[in-house]
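If you read the sequence from its start, that first residue is 1, and numbering goes on from there. For clarity, every value in this text was computed on a predicted model and none was experimentally measured. What's counted below: heavy atoms across the whole structure, side chains too, no hydrogens, waters or symmetry copies.
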Amino acid sequence: MASEKTDPVQSHLESSSFHDPEKIQTPTTTEQYGDQIPHEMLETLAPNGETDFILSKINSMSEDEALAIIAESLTFHSDDWNFPSEMRERMEKLLQGPKSYGEFYDRDLRIDATMMKWSSPYPGVRAVASPVDDAKVPIETIRAYFLGVSWAIIGTFMSTFFNSRFPGISLSNSVIQILLFPCGKFFQTVLPDWGVTVFGTRHSLNPGPWTFKEQMFATITFNIAIYTTNSYGMILVQRSPVYYGLGFIDFGYQLMLTLFVQLMGMGLAGYLRRFSVYPVKALWPTLMPIIAMNRALTKPEPKENINGWTISRYRFFFVTAAAMFFYYWLPGYLFTALSQFNWMTWIAPDNFKLAVLTGSNNGLGLFNPITTFDWNVATSSYAALAAPFFSTCTMYIGSILGGFIILGIFYSNMYNTGYLPINSSSAFANDGKPYVVQKIVVNNKLDLDKYQQYSPPFYSAGFVLTVGANFAFYPVYFLYIMVNQWKTIGKAYVDFYKGLRYGKGNYEDAMDVHNREMAKYKEVPDWWFLVIFAGAIVVSIVWAEIYPVDVPVWLVFLVIAVNLVFAVPLSFLSATTGTNLGLGALIQIITGFLLPNNPNAFLFGQTLGSWALAGYGDNYVQDQKMAHYCKIAPRAVFRSQIGTIIITCFVAVATQNFIMNNVEGLCTPDQPSRFTCAGDGAPLYASSLMWGLLGSDRMFNSVYPLFKWCFLIGAGVALLFLAGQGLGPKYLPGMREAIRAKLSPSRFNTLDRTLFRFIASLMWLNPVLIIQGIQHWAPSNLAYKTPGFILSYVFMYWLPRHRLAWWSKYNYVLSAALTAGLAVSALVMFFAVGYHPVSLKWWGNTVSTAGVDGKQVGWMPIPERGYFGPEKGQFP
């Protein structure tokens, strides 16, 4: 989990700021407690220029008020896994009185109380979100809208264009921040101060200096571009001749589908904001780098020497981006073996076991410490230069565990996986070749006679694990979040009801300063979101009626109901850990049971079910939280999101059509520009065969009966962790001492190193992250995860502890620059040598796929009869 108490930067700030006799000054006799705070500590308490504000609150706070705030805060944050452990321990000592605490009691008491009431207990939030707001700073300016929408159009084109590529490429918001800033400064310089006055407010082309709020507003507007590919997978599978090849998928079909999916996500955001925006515990750790980068850009940068580096952030960005633009031609085209660097298989290309264990293409990528020199591959699984190292490390451990489970499935030939490649997201027939659905479908329905003469679809071992872990995930996250965080979620449910029934404001009874500051802005009424939601439902019903998709109208309402129940804990999980997950696997089971032999209904349920992710995971609700931290008016965000959704839907559909009409070999395994659809189209197609055509009843009871037990396994994992974390602190110390008294020292030491250490790990591990690591296989493997883990260790663990100043100034800029340079290079490369493929065959471009790792084969040969599995005519 993205824990504040384990984040390296925050740990450094906490450990260097409080109650260290070697680092703090001796107390003075003055009553101004703020005078006792050394400069280093004050920088962590007020990092955004709010020093006078924080000092005034510390100096004016009475002891009784401070004690009351701390007592209330400890109770409120008792179940908060992100609350800094050092701060919790210090506050508990403060409540015991000055004799128990020692010197600086009066000062530290007021500091902690001030952080709770007038700032934030989370150092990461304090670093980017100022408690002081100037409501007069312009936000919704003409230039901010123009830049935000313009870059959203460009970003939508990039995201959609490379969506079929594996791994995909997109312009992240960190890159856009760098590009927005010079555009804003340019407009500030060249535009005249021409404007009009509307309802008493003057709107000018150039209201003055480009502001932090304008920069953030334009960034939020751009973010819509990241979300418009949600329906592309369904369109691709339906329309592509490699998959179903349906002829009725026209521009109107694509536009209506894309539009109502996005608008439903927006409507859902209005429901989820009570759970994921306003609660102080919903800190959204992935937002911190974005806000920090924008603050760094809009704040004047002093000339300074940091670990020998004097280059400015901006110059560093462009130099690094230019270097990546030219460098990426090596792994991207000239020497592609640097991208899939499966060098261990080159030693013995025909050694099957070596390829299975260490291969990067169809293997597991185990035991290979250097798997790529491609930035896109290295960061495809983890946000290596942004996510906390603890979160990355936990998921990586889960992935290693998943790899060994896959080996067990594969070499035991469980479910005939031994005949297939070990780790593929595609579906296969019983002759080991890719499944051709046209051989069993007539008028979009399963023809049982043709099916019995052809083959059932089969999963690889890696995909079996992925699907099983997806099913286990739901009881883990639902039980773990709802039980662990019920106090916060339950209050949000009550507030949501009171808001609808009695009109209770979102900021009433707010404990933190950010909610109190946002109360000065007009909130978006709930009925605005309800109108959008209802309108989207109407469009979806019209779409289902006018196109021959065979989707019953009641399926729309069923998927909505499922999301309304499960989206709340999933939203809170995203807000507190930074993980982004959807409900696709759960929806596929439901549609597979209720509508078997209906792949279009399955695809529709998958697409509409996944907008729970589009509604909050890293999307609309997160943007609202970002606006919340930056004190941007909610109605301004609402207007920008709605307008940009409509515009970018047209751009997304136009780009989809261009790709499907012009990319040769789209969605084939050997597409030269890597437009193989391995990350989206292929797994969705494979799932549609299993759950859409065959149906959930056949899958659970005949084809893959293990899957139905995965839900029980997930529930058991959740209960194990809940019991360990709930009962452990109360009973574990006493049990440990009782066992110590009964055993010899050597036996006790053995237990202490093994059993007790395992039990103790349950106290802080987040099982959701472990399951997430296990399920992220097929088509991904450790070759895509190991480099991200190494980068995370260096940039999110080692550097903050040894080169904090360098890390603070350059880390996020480096990530943004490398991604921007790669994205532009890949786009130029495609149109230069990929649109009409220019072949470059030499050892460096063929060695990665020349051996067994480049072939989709299993360890068991296909039987002499020509196929494996049940006899024809007896398929399940």
- R239 vs Q254, side-chain hydrogen bond (donor to acceptor under 3.5 Å, both in side chains): CA-CA, chis, key distance, verdict: CA-CA 10 Å; R239 179 174 167 180; Q254 296 171 238; 3.2 Å; yes

- Message: If you apply the rule side chain to side chain contact (heavy atoms under 4.5 Å, CB included), what do you find for S164 with L236, and how did you get there?
- Response: CA-CA 9 Å; S164 301; L236 185 67; 4.0 Å; yes

- Message: Does W346 form a ring pair (Phe, Tyr, Trp, His ring centres under 6.0 Å) with F341? I'd like the steps, not just the answer.
- Response: CA-CA 10 Å; W346 305 351; F341 195 60; 5.4 Å; yes

- Would F260 and L608 satisfy side chain to side chain contact (heavy atoms under 4.5 Å, CB included), going step by step from the backbone distance to the final call? CA-CA 9 Å; F260 74 69; L608 198 58; 4.2 Å; yes

- Task: Could you walk me through whether L693 and Y451 pass side chain to side chain contact (heavy atoms under 4.5 Å, CB included), step by step?
- Result: CA-CA 10 Å; L693 277 177; Y451 166 73; over 6 Å; no

- Query: Yes or no on ring pair (Phe, Tyr, Trp, His ring centres under 6.0 Å) for F566 and F478, after CA distance, side-chain angles and deciding distance?
  - Reply: CA-CA 7 Å; F566 286 92; F478 188 80; 5.2 Å; yes

- Message: Could you walk me through whether Y419 and F868 satisfy the ring pair (Phe, Tyr, Trp, His ring centres under 6.0 Å) test, starting with their C-alpha distance in whole Å, then the side-chain angles of each, then the deciding distance to 0.1 Å, before giving a yes or no?
- Response: CA-CA 8 Å; Y419 297 102; F868 58 83; 4.5 Å; yes

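A pairwise comparison of heavy atoms in P331 and D374 identifies CB-CB, 4.2 Å as the closest pair. In plain terms, the two heavy atoms of Y454 and V436 that are nearest each other are OH-N, 3.1 Å. Heavy atoms only, all atoms of each residue included: Q856 and P421 are closest at CB-CG, 3.9 Å. The heavy-atom pair separating A601 from L595 by the smallest distance is CB-CD1, 3.7 Å. What you find for Q438 and P241 is that their closest heavy atoms are NE2-O, 3.5 Å. T258 and C649 make their closest contact through CG2-SG, 3.7 Å (heavy atoms, listed as atom of the first residue, atom of the second, distance).
Between the side chain of T417 and the backbone N or O of N413 there is no donor-acceptor pair closer than 3.5 Å. A donor-acceptor pair under 3.5 Å links the side-chain atoms of D853 to the main chain of S360, judged by distance alone. In this structure, the side chain of S412 engages the main chain of I409 through a donor-acceptor pair within 3.5 Å. Judged by distance alone, the side chain of S455 and the main-chain N or O of A429 form no donor-acceptor pair under 3.5 Å. A donor-acceptor contact shorter than 3.5 Å links the side chain of N342 to the backbone of S848. Without hydrogens or angle criteria, N845 side chain to L840 main chain gives a donor-acceptor distance under 3.5 Å. Side-chain atoms of T336 never come within 3.5 Å of backbone atoms of G332 as a donor-acceptor pair (strictly under, hydrogens ignored). A donor-acceptor contact shorter than 3.5 Å links the side chain of S696 to the backbone of I589.
A centroid separation of less than 6.0 Å is found between the aromatic rings of Y253 and F248. Between F458 and Y415, the ring center distance fails the sub-6.0 Å criterion. Taking the six-membered ring where the residue is Trp, the centroids of Y435 and F428 are separated by 6.0 Å or more. Between F352 and W859, the distance separating the two ring centers is not shorter than 6.0 angstrom. Ring to ring, F473 and Y477 are close: their centroids are under 6.0 angstrom apart.
Between the CG atom in D447 and the CG atom in N597 there is a gap of 9.5 Å [rounded to 0.5 Å]. Within the model, atoms CD1 of I774 and CG of N470 stand 11.5 Å from one another, a figure rounded to the nearest 0.5 Å. From Y382, atom OH reaches atom OG of S399 across 4.0 Å, with rounding to the nearest 0.5 Å. Atom OG in S780 sits 3.5 Å away from atom NZ in K785 (nearest 0.5 Å). Interatomic distance, L366 CG to T358 OG1, rounded to the nearest 0.5 Å: 8.5 Å. Between L420 atom CG and I862 atom CD1 the span is 7.0 Å, to the nearest 0.5 Å.
Residues Q606 and M234 fail the side-chain proximity criterion, which asks for heavy atoms closer than 4.5 Å. Residues F650 and L259 have side chains not in contact (no heavy-atom distance under 4.5 Å, counting atoms from C-beta outward). No side-chain heavy atom of N423 sits under 4.5 Å from any side-chain heavy atom of P779. Side-chain contact between V852 and T345 is absent, with no heavy atoms from C-beta onward closer than 4.5 Å. Annotation: side chain of Y411 is in contact with side chain of K353 (closest heavy-atom distance under 4.5 Å). With a 4.5 Å cut-off on side-chain heavy atoms, L446 and V441 do not count as touching. Looking at heavy atoms from C-beta onward, R698 lies in side-chain contact with V703 at the 4.5 angstrom threshold. You'll find the side chain of V261 reaches within 4.5 Å of the side chain of T607, heavy atoms only.
Screening residues 858-876 for salt bridge (charged side-chain N to carboxylate O under 4.0 Å, His left out), with sequence neighbours left out, gives R865-E871. Screening residues 537-566 for salt bridge (charged side-chain N to carboxylate O under 4.0 Å, His left out), with sequence neighbours left out, gives K445-D550. A salt bridge (charged side-chain N to carboxylate O under 4.0 Å, His left out) check over residues 707-716, counting only residues at least two apart or in different chains, returns nothing.
With no hydrogens or angles considered, no side-chain donor-acceptor pair links R165 and Q671 at under 3.5 Å. With 3.5 Å as the limit, one finds a donor-acceptor pair spanning the side chains of N701 and D697.
Taking the six-membered ring where tryptophan is involved, the planes of Y243 and Y685 are tilted, since the angle between them lies from 30° to 60°. Taking the six-membered ring where the residue is Trp, W691 and F471 present perpendicular rings, their angle passing 60° and hence far from 30°. The aromatic rings of F707 and Y704 sit parallel to each other, their planes meeting at less than 30°, with 60° as the upper class boundary. The aromatic rings of F604 and W543 lie parallel to each other, with less than 30° between the two planes, well short of the 60° mark.
Among S424, S687, S426, the one residue that satisfies the side-chain contact (heavy atoms from CB on, under 4.5 Å) test with F463 is S687. Test I249, V237, N600 against Y244 for side-chain contact (heavy atoms from CB on, under 4.5 Å) and you get one pass: V237. L364 pairs in a side-chain contact (heavy atoms from CB on, under 4.5 Å) with only one of the listed residues (F404, W777, F410), which is W777.
Few gaps surround OH on Y867; more than 12 heavy atoms of other groups in view lie less than 6.0 Å from it. By the neighbour-count criterion of 12 heavy atoms within 6.0 Å, atom NZ of K855 is densely surrounded, having more than that number from other residues, nucleotides or ligands.
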